Structures are given as C-alpha cells and as structure tokens.
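Whatever order the structure lists them in is the order used to number ligands and atoms, beginning at 1. Note that the coordinates shown come from a computational prediction; the quantities given were computed from them, not determined experimentally.
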Amino acid sequence: MVKLVIFGPPGSGKGTYASRLKERLNVEVISTGDIFREMIKTGTSLGESVREYVEKGLLVPDEITFNVLKENLAKIPKGKGFILDGYPRTVWQAQALDRIAKIDAVIHLIVPDWIIVKRLSSRRICQNCGAIYNLLFLKPKNDMICDKCGGPLYQRSDDTPEVVRKRIEVYEKQTQPLLAYYRDKNVPFVEVKCEKLETPPEVIVEEILAGLKKLNLA
Ligand code: AMP
C-alpha cells in the first residue's frame, strides 16, 4: 500500500501521469484541484467560496483544503494506497497530512516554464469524464470531442496565459519550500526531468515507475 505525493508546476503533467500510475500501482488518485472544480460546478456555498480563489489562481485556504482532503482520503478502500496530486501546496498542509498519513515517497517533476505555458494553452479536458488532452501532442481523434466517452472538450478558465503566470508564481513561492520540508524529513524523492515538449506521457510514467522500483515501492 503505497502513499505518494506528486509535485510539479501547473501543467507539468501531474494529472496525466497520476491517472496512468493509478492503474499501474493500483492506487487512488486524489486531486484537490479536480475536487474543487467539481465543488464549484455543484454551486453549493462552499463551492462558491472556493470559486473566488480558484478563478484567480490563488490557493484555497488551508483549513478548507485539508478538510476536503480528509473527507476524500476516508473514502479510499482499506488496504489501497494513494497519490496526492495538488496537495500539499503549503507547509501547513504537509504538517496536517503528516498527522494522518505517512508519505512513502515524493515524485518531483521538473519542467521549464516555456513548456508549461505552451502545454497549458493547448490543454483541453472532457466535460463529461475529465480525460485530459493536448492539442499539440495528445490530440483527440475528433476536434473537441472526447475519444473515451464522446463528451465535449473544454479549456479550463484558469489555463489562460495571465492566470497561468500567476499559478506559476504561486507554485514557486509557496510550494518549493515543501520540497525542503520532505527532504528534511528524509522522505525519498523520485525526480524526473521533462525537457522536451513532445516527450510522450508513457516515457515519463516508466521513469517514475523505475524510480519507485528502486525504492521497492512498485
Ligand atoms: P490544480 O488543478 O492542482 O492546478 O488546482 C487548481 C486550483 O485549485 C489552484 O490554482 C488552487 O486555486 C486550487 N487548489 C488545488 N489544490 C489546492 C491546495 N492543496 N491548496 C490550496 N488550493 C488548491
């Protein structure tokens, strides 16, 4: 039962890799970003307060985020591990997580800014099943229609250049200290560099799995 967190700037492919690792490692993936987007869609009052932050590319307050994470961790079947995608984003969140789960390893994706901007502006997501596409390198067979379920594809409202820049800034300032946090705690790292726009997701996934195998975690 492996417990992992995956770090990388917005657009580093975290969601794509995590959804593939899910099958390979038989774990659940918890993406706080996806959960927040679902909450916003439902239009509840909590969803409305979350919307204000997400649409500006700002972090949702720690306590709200941790409560949402806890609720979702509790839903994981006994004996099954997890990958956290998008959590923790602050040291407060990491400390709160430490109190309820011991993280086995950190997956760290290293991606230059120019790749992030290019990738995010061409990212499309299925409104129906959440599958992720990229109009440059992970194209759907039919424009704007999901290969898997036939649902319509959309562009996230925070994938615009202005909000992307803000999200990179937020990531650098508030999330980099987390790498130091986990290093200080001697949590093992699997570091994978992505230096080409066209590297297929499978290649990165295999590199991550090789790193996990070395640690006896896959
Ligand atoms: P993501 O899909 O991970 O890029 O997240 C999209 C947005 O959701 C972020 O820009 C934040 O506004 C919010 N969000 C997701 N995860 C967290 C978190 N752990 N803490 C605070 N805000 C978050």
Student: If the plane angle is over 60° it's perpendicular, under 30° parallel, otherwise tilted; pick one for F189 and H108.
Tutor: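 Perpendicular.
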Student: Determine whether a donor-acceptor pair (N or O, by modelled atom type, separation under 3.5 Å) exists between the side chain of N142 and the backbone of D147.
Tutor: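 Pair absent, no side-chain N/O of N142 close to backbone of D147.
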Student: Return the CD1 to CG distance between I103 and L84, rounded to the nearest 0.5 Å.
Tutor: 5.5 Å
Student: Between V164 and D158, what is the shortest heavy-atom contact and its length?
Tutor: CG2-O, 3.9 Å
Student: So if I count the atoms of ligand 1 from 1 in the order they appear, which ones are less than 4.0 Å from some heavy atom of R156?
Tutor: 1 (P), 2 (O), 4 (O), 6 (C)
Student: Compare every heavy atom of C126 with every heavy atom of G151, then report the nearest pair and how far apart it is.
Tutor: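 Nearest heavy atoms, G151 then C126: CA-SG, 4.0 Å.
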Student: Looking at ligand 1, does any of its N/O atoms fall within less than 3.5 Å of an N/O of D158?
Tutor: no
Student: Any idea which protein heavy atom is nearest atom 13 (C) of ligand 1, and the distance to it?
Tutor: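 Ranked first by proximity to atom 13 (C) of ligand 1 is F36 CD1, 3.7 Å.
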Student: With only distance considered, is R167 within less than 3.5 Å of ligand 1 through an N or O on each side?
Tutor: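 Such a contact does occur with ligand 1.
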Student: At under 4.0 Å between heavy atoms, is it the side chain or the backbone of Q93 that contacts ligand 1, or both, or neither?
Tutor: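 Q93 to ligand 1: side-chain contact only, backbone stays beyond 4.0 Å.
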Student: Can you tell which of R89, E52, K56 gets a heavy atom nearest to atom 9 (C) of ligand 1?
Tutor: R89
Student: Would you indicate which of L120, V164, V60, I64 comes nearest to atom 22 (N) of ligand 1 when only heavy atoms are counted?
Tutor: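 Considering heavy atoms of L120, V164, V60, I64, the nearest to atom 22 (N) of ligand 1 sits in V60.
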Student: Work out which heavy atom in P77 is nearest to a heavy atom in E28; give both atom names and the distance.
Tutor: CD-OE2, 4.1 Å
Student: Could you tell me which non-hydrogen atom of P9 sits nearest to which non-hydrogen atom of K14, and how far apart they are?
Tutor: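 Of all heavy-atom pairs spanning P9 and K14, the closest is O-NZ, 3.6 Å.
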Student: Go through ligand 1 atom by atom and flag the ones less than 4.0 Å from a non-hydrogen atom of G86.
Tutor: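 Within the 4.0 Å cut-off of G86, ligand 1 contributes 16 (N), 17 (C), 18 (C), 19 (N).
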Student: How close does the nearest protein non-hydrogen atom get to atom 8 (O) of ligand 1, and which residue and atom is it?
Tutor: V54 CG2, 3.7 Å
Student: Nearest protein heavy atom to atom 16 (N) of ligand 1, by residue and atom, and its distance?
Tutor: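 Scanning the protein heavy atoms, the shortest distance from atom 16 (N) of ligand 1 goes to T32 OG1, 2.8 Å.
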Student: Which atoms from ligand 1 have a heavy atom of T65 less than 4.0 Å away?
Tutor: 18 (C), 19 (N), 20 (N), 21 (C)
Student: Can you check which of L69, L58, D159, L59 brings a heavy atom nearest to atom 12 (O) of ligand 1?
Tutor: L58
Student: At a 4.0 Å threshold, what atoms of ligand 1 neighbour a non-hydrogen atom of Y87?
Tutor: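 Close to Y87: 19 (N).
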Student: Are D98 and Y181 close enough, and set up right, to give a side-chain hydrogen bond (donor to acceptor under 3.5 Å, both in side chains), and what steps lead you there?
Tutor: CA-CA 11 Å; D98 272 348; Y181 175 87; 2.3 Å; yes
Student: If you group Ile, Leu, Val, Met, Phe, Trp and Tyr by side-chain heavy-atom gaps below 4.5 Å, do I168 and L179 land in one group?
Tutor: no
Student: Any N or O of R37 that comes nearer than 3.5 Å to an N or O of ligand 1?
Tutor: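 It does: an N or O of R37 is found under 3.5 Å from an N or O of ligand 1.
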